[in-house]
There are 4 protein chains.
Amino acid sequence: MQFKIDPDNGCPIYEQIARQIKYAIAEGTLTAGQLVPSVRELAKSAAINPNTVQRAYLDLQNEEVIETLRGRGMAVCIGAKKRCVSDRQSQLRDRLEDLVREAIHAGLESEQLKKMFDNALQRATSGGKAKL
Amino acid sequence: MQFKIDPDNGCPIYEQIARQIKYAIAEGTLTAGQLVPSVRELAKSAAINPNTVQRAYLDLQNEEVIETLRGRGMAVCIGAKKRCVSDRQSQLRDRLEDLVREAIHAGLESEQLKKMFDNALQRATSGGKAKL
Amino acid sequence: MQFKIDPDNGCPIYEQIARQIKYAIAEGTLTAGQLVPSVRELAKSAAINPNTVQRAYLDLQNEEVIETLRGRGMAVCIGAKKRCVSDRQSQLRDRLEDLVREAIHAGLESEQLKKMFDNALQRATSGGKAKL
Amino acid sequence: MQFKIDPDNGCPIYEQIARQIKYAIAEGTLTAGQLVPSVRELAKSAAINPNTVQRAYLDLQNEEVIETLRGRGMAVCIGAKKRCVSDRQSQLRDRLEDLVREAIHAGLESEQLKKMFDNALQRATSGGKAKL
DNA sequence: GTGGTCTAGACCACG
DNA sequence: GTGGTCTAGACCACC
């Protein structure tokens, strides 16, 4: 598994990690019972401090997304997928609604906003695959 | 002028103030040369710390949106409107693109996302007026 | 507020802190809205590392027992008391049941166990006050 | 002999094994001179790592509860029963005292605690037999 | 002043 | 080998 970390984008590194793990579970890349990368391994591969990874995993534990198997590592909880999928959906929906509301509130025209969205969608669907 | 401050939404209060000032200028509610509320007045009416308002005004000065008129207060710069309008637009566009890219990257279907957007837009255009 | 920390009793320091905070809320020593000691202050008074306190407060945040007021500190959440009281009760009840079940399972006589309990209770109620 | 292992209850597996061995000796299920299950056999039957069993037996050796008979296995030491019985009793008493002291210290009423205990005892003595 | 984040490195328990 | 805990100290954002 690959992790893309941007230490300067305002979003804490540990959140970036936690989010990517949850997305991977939502997509099915990581399945229930499967071990997630070890703290040290992930830290090394992403060139960050093990404690930062630990913090991400701690949060994921509190959300019951992963659990520790003593001496063996940390694994995806059963039932985590369902939670991750709905989490992702509701979170994205909320953010989209906030953004749209703010834009309208700020006086932007519906039509202009619609055009923006279509452009963004087109760019994401065509360019996204190349990136991954 | 009325300010809506939410101290718990993660976004710094001073940014909320600065953004609302800029939006007001973009919409024409505040025009070039007009005085913005004094630090103390705004702090009192929004029940926040004067230092926080000061910080917002400092940022707005650095962006040449407002300027100090010695002894009279702070006023909207000439040419601020054009900058605020394009700022608003490009900022919203960037955020929309980020959100769409992330959603697609996370495995959400185009169609599902489109539906989300339409819902959000409808809700914002119908319900928005009531709220404000 | 005073904290009793025993770094060698197997129970992590951050749990000892979190538990004492929750007990204080359950008892009414700390009430909703009230600020808990600052990270640095508690760390200094208990002679431990600020990060350890931070970890305790992080857990308490996740349990919605306290919340951060940006720039001001961390305060007891409204509704925390009810949760802390019932938490304390159910936790103690579970531990007591586990202990009793294990003792009976291990072949200890009911009468012997009862005597143990009465002794413990007497010692705790008479000696407890002196200790504190 | 049957072993009940719960890998997720916080108590190390090797301690669970050692405790169950000692309880069996205290009850008379295992008597002086009798061979305890071999490391491999116990590991297989309980579906755990042989190293974990080894660790438990190592601890029991250090406490002079079992001893190795070269070429034959490990057997219960003579005099182990007396030690196991008093161990069990003092250990349970200590834990009970700790629990009671903590409950009282946390502000729980004596009466409430007494009721809890009686409930736990009743549940353990009525339900316990069925379980075993 | 407050908490939030991150790094560096130590030691321990567990399997 | 794994994760868990703790310490030490840095830098930042916020009020």
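Just so you know, these numbers use all the heavy atoms, side chains as well, and skip hydrogens, waters and symmetry mates.
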Hey, could you give me the CD1/CE distance between D/I66 and D/M74, rounded to the nearest 0.5 Å?
->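 Result: 4.0 Å between the selected atoms.
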Would you give the length of the straight line joining atom CD1 of D/I13 to atom CG of D/N51, rounded to the nearest 0.5 angstrom?
-> 12.0 Å
Would you kindly compare A/I13 and D/G10 by the position of their nearest DNA chain E nucleotide and give the one closer to the 5′ end?
->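 Its nearest nucleotide lies further toward 5', so the answer is A/I13.
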Nearest-nucleotide comparison on DNA chain E, the residue closer to the 5′ end among C/N51 and C/E41 =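 Its nearest nucleotide lies further toward 5', so the answer is C/E41.
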What is the distance, rounded to the nearest whole Å, between atom [atom1] of [X] and atom [atom2] of [N]?
{"X": "B/I17", "N": "F/dC14", "atom1": "CD1", "atom2": "P", "result": "12 Å"}
{"X": "A/N49", "N": "E/dA8", "atom1": "CG", "atom2": "P", "result": "6 Å"}
{"X": "A/K44", "N": "F/dT2", "atom1": "NZ", "atom2": "P", "result": "10 Å"}
{"X": "A/Q54", "N": "F/dC6", "atom1": "CD", "atom2": "C1'", "result": "12 Å"}
{"X": "C/L69", "N": "F/dC15", "atom1": "CG", "atom2": "P", "result": "11 Å"}
{"X": "C/I66", "N": "E/dG3", "atom1": "CD1", "atom2": "P", "result": "9 Å"}
{"X": "B/D8", "N": "F/dA13", "atom1": "CG", "atom2": "P", "result": "20 Å"}
{"X": "A/Y57", "N": "F/dT5", "atom1": "OH", "atom2": "C1'", "result": "18 Å"}

Do D/P12 and D/R55 have side-chain heavy atoms sitting under 4.5 Å apart?
->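 No, side chains not in contact.
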Residue closer to the 5' end of DNA chain F, C/C11 versus B/P7 (nearest nucleotide) =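 Whichever sits nearer the 5' end wins; that is C/C11.
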For A/P37 and for B/P12, locate the closest nucleotide of DNA chain F by heavy-atom distance; then report the residue assigned to the nucleotide nearer the 5' terminus.
->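 Closer to the 5' end of DNA chain F: A/P37.
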Salt-bridge test for C/D98 and C/R101: reply yes if a basic N is under 4.0 Å from a carboxylate O, no otherwise.
-> yes
Pair D/E63 + D/K22, salt bridge at N-O below 4.0 Å = yes
Classify the side chain of C/R40 and the base of E/dG3 as holding, or not holding, a donor-acceptor pair under 3.5 Å.
->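 A donor-acceptor contact between them is present.
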Taking only side-chain N and O atoms of [X], does any of them lie within less than 4.0 angstrom of OP1 or OP2 on [N]?
{"X": "C/R70", "N": "F/dC15", "result": "yes"}
{"X": "A/S38", "N": "F/dT2", "result": "yes"}
{"X": "C/R72", "N": "F/dC15", "result": "no"}
{"X": "C/T52", "N": "F/dC6", "result": "no"}

Using both distances under 3.5 Å as the test, list the Watson-Crick or G-U wobble partner of E/dC14, or none.
->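 The base-pairing partner of E/dC14, which may sit in any strand shown, is F/dG1.
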Does F/dG9 pair with anything, Watson-Crick or G-U wobble, both distances under 3.5 Å, and if so, with which nucleotide?
->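 Pairing partner, where one exists within any strand: E/dC6.
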Give one of base, sugar-phosphate or nothing for D/Y14, where a contact means two heavy atoms less than 4.0 Å apart.
->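 Counting heavy atoms under 4.0 Å across all strands, the contact made by D/Y14 is with sugar-phosphate only.
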